[in-house]
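Got a structure for you, written out below as structure tokens; questions coming shortly.
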Amino acid sequence: MPLRHQWTTMDRGSAAAGGVLIHLDIHVDEEKPRLGILELLKTLRPQWKTEDIQMKVFTEGITNCLTGCYVGSLQEACVLVRVYGRNTELFHNGICYEFVRGEVLDDRLLRQPSIFRLIAAEMGRIHSIKPPAPGPAEAVLWARMAKLLTLVGNNVQDGPDTHSPQNVPGLPSHKVLSDEMETLKKHLSDTLSPVVLSHNDLLTKNIVYNLPEGTVKFIDYEYADYNYQAFDIGNHFNEFAGVSDMDFSRYPSRGLQREWLRAYLESYRRASGRPSPPTETEVTALYIQVCKFSLASNFFWGLWAMLQSHFSSIDFDFKRYATDRLHFYFQKKAAYFKLTEV
């Protein structure tokens, strides 16, 4: 089956100055990936001679394989190619990205003001990138969510037709999930969040911090596409809870969120050619939108984890992860739905 590969050069200066995200339908054999990778590099690095290209496998297994491709030194202009394994074509299949110098963030650093302001500013800069075609871009959220919901219905054993946010004995049924998606879509459709170029998966390990340069860069753009501004931010806030040891008591406080959003809006406005500082009313409006779209983030990744629990062979409790995500969704839904935009 052809693998769709995504490649970005967001680490090479400003994305607006040359970063790109492209999609290629090229077959890469999971067992013998070299020929397929060389085909990718014809597009990504046309100046490289095939006979000069070297490859180093960093990780391999039944779920994915990460290969570094380079000419000369591994430390210079290395392209990383990650090929995902069996059944992952249901969600995504592979990604190519340029090596980014630095260290992936530790969860505790997300709360450090000097760090989260960098993250907010980088997201604001990326969100300001205009679509290549004229006119507004369409958000990818609902199409992706509908696809996941269909796949869950076709592949995952159905749960009960009721769900209580106070007690989560198991995962809800496909009918409950379908009804929830329609409710969520109807409510959020009235939320005036602009559609921007979004990362859509900004967990801690997808942020690289370069201490000497005092910068952060985002990596792993396989979910990147145009989406609601507030979804990308709310999705990142949800990641404060962690992954393997998820604890939503670590969700950022309102004060931290407002400080983060203020830094974000300053960057977003400056990169969009509007350097005036944001008002408190604007910060509040974005805060409310982010609260609401954080629900969509938890619902989306809850569906994703349900599907992963059926297919993935990774040693991770995806069912527990799905349960935690959906539990927090139901726990916060009523309060966040009541918030009124200003």
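Keep in mind that this is a model prediction, so the values were computed, not measured. The first residue in the sequence is number 1, and the count goes up from there.
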For Y221 and H199, I'd like to know if the aromatic rings sit close, meaning centre-to-centre distance below 6.0 Å.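 Yes, the ring centres sit under 6.0 Å apart.
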Taking the side chain as C-beta and beyond, is there a heavy-atom pair between E138 and V195 under 4.5 Å?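 Counting from C-beta outward, E138 and V195 never come under 4.5 Å.
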Between L202 and M123, does the side chain to side chain contact (heavy atoms under 4.5 Å, CB included) criterion hold? Intermediate values first, please. CA-CA 10 Å; L202 199 59; M123 184 180 286; 3.5 Å; yes
To the closest 0.5 Å, what do you measure between CG (L286) and CG (L261)?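 Separation between the atoms: 4.5 Å.
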Got a donor-acceptor contact below 3.5 angstrom from the S193 side chain to the A230 backbone?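 Side chain of S193 to backbone of A230, a donor-acceptor pair under 3.5 Å: yes, one is there.
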Can you confirm whether K185 sits close enough to L141 that some side-chain heavy atom of one is under 4.5 Å from a side-chain heavy atom of the other?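 Heavy-atom side-chain distance check fails, nothing below 4.5 Å.
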Before giving the answer on side chain to side chain contact (heavy atoms under 4.5 Å, CB included), spell out for L66 and V81 the whole-Å C-alpha distance, their side-chain angles and the decisive distance to 0.1 Å. CA-CA 6 Å; L66 179 64; V81 179; over 6 Å; no
Between OG of S267 and CZ of R117, what distance do you get to the nearest 0.5 Å?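 Between S267 OG and R117 CZ, I get 13.5 Å after rounding to 0.5 Å.
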Check: R274 main-chain N/O paired with S272 side-chain donor or acceptor under 3.5 Å: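 Checking the backbone N and O of R274 against the side chain of S272, no donor-acceptor pair under 3.5 Å is found.
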Looking at F231, is its backbone amide N or carbonyl O close enough to the side chain of K292 to form a donor-acceptor pair, meaning the two atoms are under 3.5 Å apart?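 No, K292 side chain to F231 backbone: no donor-acceptor pair under 3.5 Å.
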Mind checking whether Y287 and E282 have side chains closer than 4.5 Å, heavy atoms only?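 Contact flag for Y287/E282 side chains = no.
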Are F237 and W260, when compared by the centres of their aromatic rings, separated by less than 6.0 Å?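 Yes, close enough.
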Please round to the nearest 0.5 Å and tell me the distance separating atom CG of L197 and atom CG of D225.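 With rounding to 0.5 Å, CG (L197) is 8.0 Å from CG (D225).
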Does any part of the side chain of L326, heavy atoms only, come nearer than 4.5 Å to the side chain of M306, both counted from C-beta?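 Yes, their side chains come closer than 4.5 Å.
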Answer yes when E259 and R262 have at least one side-chain N-carboxylate O distance shorter than 4.0 Å, and no when they do not.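 Answer for the salt bridge query: no.
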Work out which heavy atom in L184 is nearest to a heavy atom in A296; give both atom names and the distance.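 Smallest interatomic distance, heavy atoms only, reads CD2-CA, 3.7 Å.
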Minimum heavy-atom distance N227-A139, with the two atoms named: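 For N227 versus A139, the nearest heavy atoms are OD1-CB, 3.8 Å.
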Is there a side-chain contact between W48 and V79, using heavy atoms and a 4.5 Å cut-off?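 Yes, side chains in contact.
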Atom pair NZ (K338) and CD1 (I288), whose distance is rounded to the nearest 0.5 Å: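 Between atom NZ of K338 and atom CD1 of I288 there are 14.5 Å.
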Does any non-hydrogen side-chain atom of I37 lie less than 4.5 Å from one of C69?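 Yes, at least one pair of side-chain atoms sits under 4.5 Å.
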Check the angle between the aromatic planes of F318 and W304 and answer parallel, tilted or perpendicular using the 30° and 60° thresholds.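 The arrangement is perpendicular - the two ring planes meet at more than 60°.
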Can E222 and R82 be counted as an ion pair, charged N to O under 4.0 angstrom?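 Looking at R82 together with E222, the answer is no, because their closest N to O distance does not fall below 4.0 Å.
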Would you check if there is a donor-acceptor pair between the side chains of N298 and R325 at a distance under 3.5 Å?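 Yes, a side-chain donor-acceptor pair sits under 3.5 Å.
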So which heavy atom on I119 is nearest to which on F218, and how close?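 Where I119 meets F218 most closely, the heavy atoms are O-CZ, 3.7 Å.
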Distance in Å, M145 CE paired with T150 OG1, rounded so as to fall on 0.5 Å steps: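 Going from CE on M145 over to OG1 on T150, the span is 12.5 Å.
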Ignoring hydrogens, what is the shortest heavy-atom contact between L192 and Q289? Give both atom names and the distance.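 In this case the closest contact between L192 and Q289 is O-NE2, 3.3 Å.
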Is there a donor in the side chain of R258 and an acceptor in the side chain of T284, or the other way round, less than 3.5 Å apart?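 Yes - a donor-acceptor pair under 3.5 Å links their side chains.
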Should M55 and L38 be marked as a side chain to side chain contact (heavy atoms under 4.5 Å, CB included) after you check the CA-CA gap, both sets of side-chain angles, and the distance that decides it? CA-CA 10 Å; M55 298 185 190; L38 288 174; 3.7 Å; yes
Under the ring pair (Phe, Tyr, Trp, His ring centres under 6.0 Å) test against Y329, which residue among F299, F248, F293 passes?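 Of F299, F248, F293, ring pair (Phe, Tyr, Trp, His ring centres under 6.0 Å) with Y329 is met by F299 alone.
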Under 30°, 30 to 60°, or over 60°: which ring-plane class applies to H236 and F240, parallel, tilted or perpendicular?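 Correct class here is perpendicular.
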Cluster question for you: counting only ILVMFWY and a side-chain heavy-atom cut-off of under 4.5 Å, with indirect links fine, are F116 and L211 together?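 Yes: a chain of side-chain contacts under 4.5 Å links F116 to L211.
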Is there a side-chain contact between D179 and K175 in this structure, where contact means two heavy atoms from C-beta onward sitting under 4.5 Å apart?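 Yes, their side chains come closer than 4.5 Å.
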Smallest separation among heavy atoms of S297 and N235, with atom names: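 Scanning both residues completely, I find the closest heavy atoms to be OG-OD1, 2.7 Å.
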CD of Q54: more than 12 outside heavy atoms within 6.0 angstrom?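 For Q54, atom CD is crowded (more than 12 foreign heavy atoms under 6.0 Å).
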CA sep, side-chain torsions, deciding dist, call: R34, E39, salt bridge (charged side-chain N to carboxylate O under 4.0 Å, His left out): CA-CA 9 Å; R34 182 176 176 84; E39 195 65 26; over 6 Å; no
Apply side chain to side chain donor-acceptor pair (under 3.5 Å) to residues N210 and T215 and explain how you reach the verdict. CA-CA 5 Å; N210 188 315; T215 60; 4.8 Å; no
Test item: R144 side-chain N/O and Y223 main-chain N/O as donor-acceptor pair under 3.5 Å: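 Yes; at least one donor-acceptor contact below 3.5 Å.
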Would you kindly say whether S294 and N238 are connected by a side-chain donor-acceptor distance under 3.5 Å?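 No donor-acceptor contact under 3.5 Å links the two side chains.
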Are more than 12 heavy atoms from other residues, nucleotides or ligands located less than 6.0 Å from atom CD of Q112?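 Counting other residues, nucleotides and ligands, CD of Q112 exceeds 12 neighbours.
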Side-chain heavy atoms nearer than 4.5 Å, only ILVMFWY residues, links allowed to pass through others: does that put V290 and V140 together?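 No, separate clusters.
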Please round to the nearest 0.5 Å and tell me the distance separating atom CG of L109 and atom CD of E103.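 One finds 11.0 Å between CG of L109 and CD of E103.
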If the threshold is 4.0 Å, N to carboxylate O, is there a salt bridge linking K205 and D220?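 No, no charged N to carboxylate O under 4.0 Å.
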Closest heavy-atom pair and its distance - L44, C96: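 Heavy atoms of L44 and C96 come nearest at CD1-CB, 3.8 Å.
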Is there a donor-acceptor pair closer than 3.5 Å between any side-chain N or O of D52 and the backbone N or O of V71?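 No.
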Pairwise side-chain contact, S198 with Y226, heavy-atom cut-off 4.5 Å (strictly under):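 No - every pair of side-chain heavy atoms lies 4.5 Å or more apart.
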Could you tell me whether the side chains of Y264 and Q229 share a donor-acceptor contact shorter than 3.5 Å?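 The answer is yes; a qualifying pair exists.
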Would the distance check show the side chain of H127 and the main-chain N or O of V196 forming a donor-acceptor pair, the cut-off being under 3.5 Å?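 Side chain of H127 to backbone of V196: no pair is present.
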Side chain to side chain contact (heavy atoms under 4.5 Å, CB included) evaluation trace for Y209 with L118: CA-CA 9 Å; Y209 176 47; L118 289 175; 4.1 Å; yes
Any chance the rings of Y321 and W301 have centres within less than 6.0 Å?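 No, they do not, as the ring centres are separated by 6.0 Å or more.
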For the pair R125 and E122, find out whether any cationic side-chain nitrogen is under 4.0 Å from an anionic carboxylate oxygen.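 Salt bridge flag = yes for E122 with R125.
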